Peer 1: 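To start, I am sharing the structure in question, which I have written as structure tokens.
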Amino acid sequence: MKILFTCLGNICRSPIAEAVLRKKALDKNLGLTVASNGTNRYHKGEGADKRTINICKKNGIEISHHIATRFKTEDFDKYDMIVCMADDVYEELQQFVTNKDQLQKVIVVPFDDPWYGGDDGFEKCYRSIEMYCDNFIQNNF
């Protein structure tokens, strides 16, 4: 199964989700392919936000190598499941749709955007994502 987490800039929520689910899947030998990207191009080519790097490191996950990428229409075909991390991300995803059937793979799981807050917002976001990933694994494997 190939899963893609998508947020706006691919420097906060989606790289955390990618890293957390990848680690959990590897620890349990689930054979998942996990990736992330963003719907806008503002941070394309940049590394993860330093607060993202810090919260992941605090939880034993190395993410300093992450480079932000942008969603492409081909991603609808490449992935089995696309997790939009907020309602506005789902709205932005519409610009990539060429066939309404592509949206059948998309689910919206709203996570608060930690970008505008401090470290506590990243902690809260991490915990929410971790809980989502645990539930996803429990319900699908």
Side-chain angles (χ1 to χ4, degrees), residues 1-28 30-141:
M1 177 181 248
K2 296 179 181 178
I3 301 169
L4 178 67
F5 289 98
T6 302
C7 67
L8 294 174
N10 193 221
I11 61 169
C12 297
R13 293 171 286 188
S14 60
I16 292 172
E18 174 187 1
V20 170
L21 186 57
R22 179 180 288 133
K23 182 178 185 324
K24 289 178 180 292
L26 284 171
D27 289 349
K28 295 180 181 278
L30 299 180
L32 292 178
T33 297
V34 185
S36 68
N37 61 23
T39 56
N40 65 51
R41 65 176 70 94
Y42 301 128
H43 299 288
K44 184 179 174 184
E46 295 179 16
D49 184 280
K50 70 176 188 171
R51 297 166 294 179
T52 299
I53 294 169
N54 290 341
I55 192 64
C56 286
K57 187 174 187 177
K58 178 180 172 183
N59 288 280
I61 300 173
E62 178 57 47
I63 195 172
S64 62
H65 61 280
H66 175 79
I67 300 295
T69 59
R70 187 170 189 217
F71 191 91
K72 298 179 198 117
T73 299
E74 303 85 60
D75 290 334
F76 286 116
D77 295 326
K78 187 176 178 182
Y79 294 94
D80 301 309
M81 179 180 185
I82 299 168
V83 180
C84 282
M85 304 193 78
D87 292 328
D88 58 341
V89 176
Y90 183 76
E91 290 171 20
E92 285 205 10
L93 194 68
Q94 303 306 307
Q95 68 187 306
F96 301 96
V97 173
T98 58
N99 175 342
K100 291 289 183 188
D101 290 340
Q102 293 167 322
L103 295 175
Q104 292 179 2
K105 299 181 173 189
V106 179
I107 63 166
V108 179
V109 182
F111 293 95
D112 290 336
D113 189 349
W115 171 259
Y116 298 103
D119 292 342
D120 58 329
F122 280 80
E123 180 75 36
K124 180 181 175 189
C125 182
Y126 185 93
R127 295 293 160 229
S128 296
I129 289 169
E130 186 175 50
M131 189 175 356
Y132 171 80
C133 292
D134 287 339
N135 288 333
F136 176 81
I137 290 170
Q138 182 178 2
N139 291 326
N140 291 284
F141 296 95

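All of these numbers come straight from a predicted model, not from anything done at the bench.
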Peer 1: Quick one: does L30's side chain get under 4.5 Å of M1's, heavy atoms only?
Peer 2: no

Peer 1: Could you grab the distance from atom OG1 of T33 to atom CG of D80, nearest 0.5 Å is fine?
Peer 2: 8.5 Å

Peer 1: Let me see the working for N10 and K44 under side-chain contact (heavy atoms from CB on, under 4.5 Å), right down to the final yes or no.
Peer 2: CA-CA 8 Å; N10 193 221; K44 184 179 174 184; over 6 Å; no

Peer 1: In Å and rounded to the nearest 0.5 Å, what is the CD1 to CD1 distance from I61 to I53?
Peer 2: 13.0 Å

Peer 1: Please report the interatomic distance CG(L8) to CG(N40), rounded to the nearest 0.5 Å.
Peer 2: 5.5 Å

Peer 1: I need the minimum non-hydrogen distance between F96 and Q102, along with the two atoms involved.
Peer 2: O-OE1, 4.2 Å

Peer 1: What distance separates F136 CZ from K24 NZ, expressed to the nearest 0.5 Å?
Peer 2: 13.0 Å

Peer 1: Which distance, rounded to the nearest 0.5 Å, do you find between the OG of S64 and the NZ of K57?
Peer 2: 8.0 Å

Peer 1: Check the pair L21 / I137 against side-chain contact (heavy atoms from CB on, under 4.5 Å), numbers first and verdict last.
Peer 2: CA-CA 9 Å; L21 186 57; I137 290 170; 3.9 Å; yes

Peer 1: Which residue in the set F76, F5, Y90 passes ring-ring contact (aromatic ring centres under 6.0 Å, His included) when paired with F71?
Peer 2: F76

Peer 1: When rounded to the nearest 0.5 angstrom, what distance separates CG in L4 from OH in Y79?
Peer 2: 5.0 Å

Peer 1: Quick check: do T6 and E92 have side-chain heavy atoms less than 4.5 Å from each other?
Peer 2: no

Peer 1: For H66, run the side chain to side chain contact (heavy atoms under 4.5 Å, CB included) check against S14, C56, S36 and tell me which one passes.
Peer 2: S36

Peer 1: How about Y42: does its OH atom have over 12 heavy atoms from other parts shown lying under 6.0 Å from it?
Peer 2: no

Peer 1: Looking at every heavy atom in both D49 and C12, which two are closest together, and how far apart are they?
Peer 2: CB-SG, 4.1 Å

Peer 1: Apply salt bridge (Lys or Arg N to Asp or Glu O under 4.0 Å) to the pair E18 and R22, showing each step before the final yes or no.
Peer 2: CA-CA 6 Å; E18 174 187 1; R22 179 180 288 133; 2.7 Å; yes

Peer 1: Testing L93, N37, T69 for side chain to side chain contact (heavy atoms under 4.5 Å, CB included) with D75, which one passes?
Peer 2: N37

Peer 1: Under the criterion side-chain contact (heavy atoms from CB on, under 4.5 Å), I'd like the reasoning laid out for E130 against D134: C-alpha separation, chi angles, the key distance, then a yes or no.
Peer 2: CA-CA 6 Å; E130 186 175 50; D134 287 339; 4.2 Å; yes

Peer 1: Would you check if V97 and L103 make a side-chain contact, meaning some heavy-atom pair closer than 4.5 Å?
Peer 2: yes

Peer 1: What are the two closest non-hydrogen atoms of A17 and I129, and how far apart are they?
Peer 2: CA-CG2, 3.5 Å

Peer 1: Got a list of side-chain donor-acceptor pairs under 3.5 Å for residues 112-119, not counting sequence neighbours?
Peer 2:
from	atom 1	to	atom 2	distance (Å)
D112	OD2	K124	NZ	3.1
D113	OD1	W115	N	3.0

Peer 1: Could you tell me which non-hydrogen atom of A25 sits nearest to which non-hydrogen atom of L32, and how far apart they are?
Peer 2: CB-CD1, 3.8 Å

Peer 1: Where is the tightest heavy-atom contact between P15 and I11, given as atom of each residue plus distance?
Peer 2: CG-C, 3.5 Å

Peer 1: For R41, what residues pass the salt bridge (charged side-chain N to carboxylate O under 4.0 Å, His left out) criterion, not counting sequence neighbours?
Peer 2: none

Peer 1: Using modelled atom types and a 3.5 Å cut-off, is there a donor and acceptor pairing between side-chain atoms of R70 and backbone atoms of T39?
Peer 2: yes

Peer 1: Checking side-chain contact (heavy atoms from CB on, under 4.5 Å) for the pair E123/I55: CA distance, chi angles, key distance, verdict?
Peer 2: CA-CA 7 Å; E123 180 75 36; I55 192 64; 3.0 Å; yes

Peer 1: So, does S128 use its side chain to make a donor-acceptor pair with the main chain of F111 at under 3.5 Å?
Peer 2: no

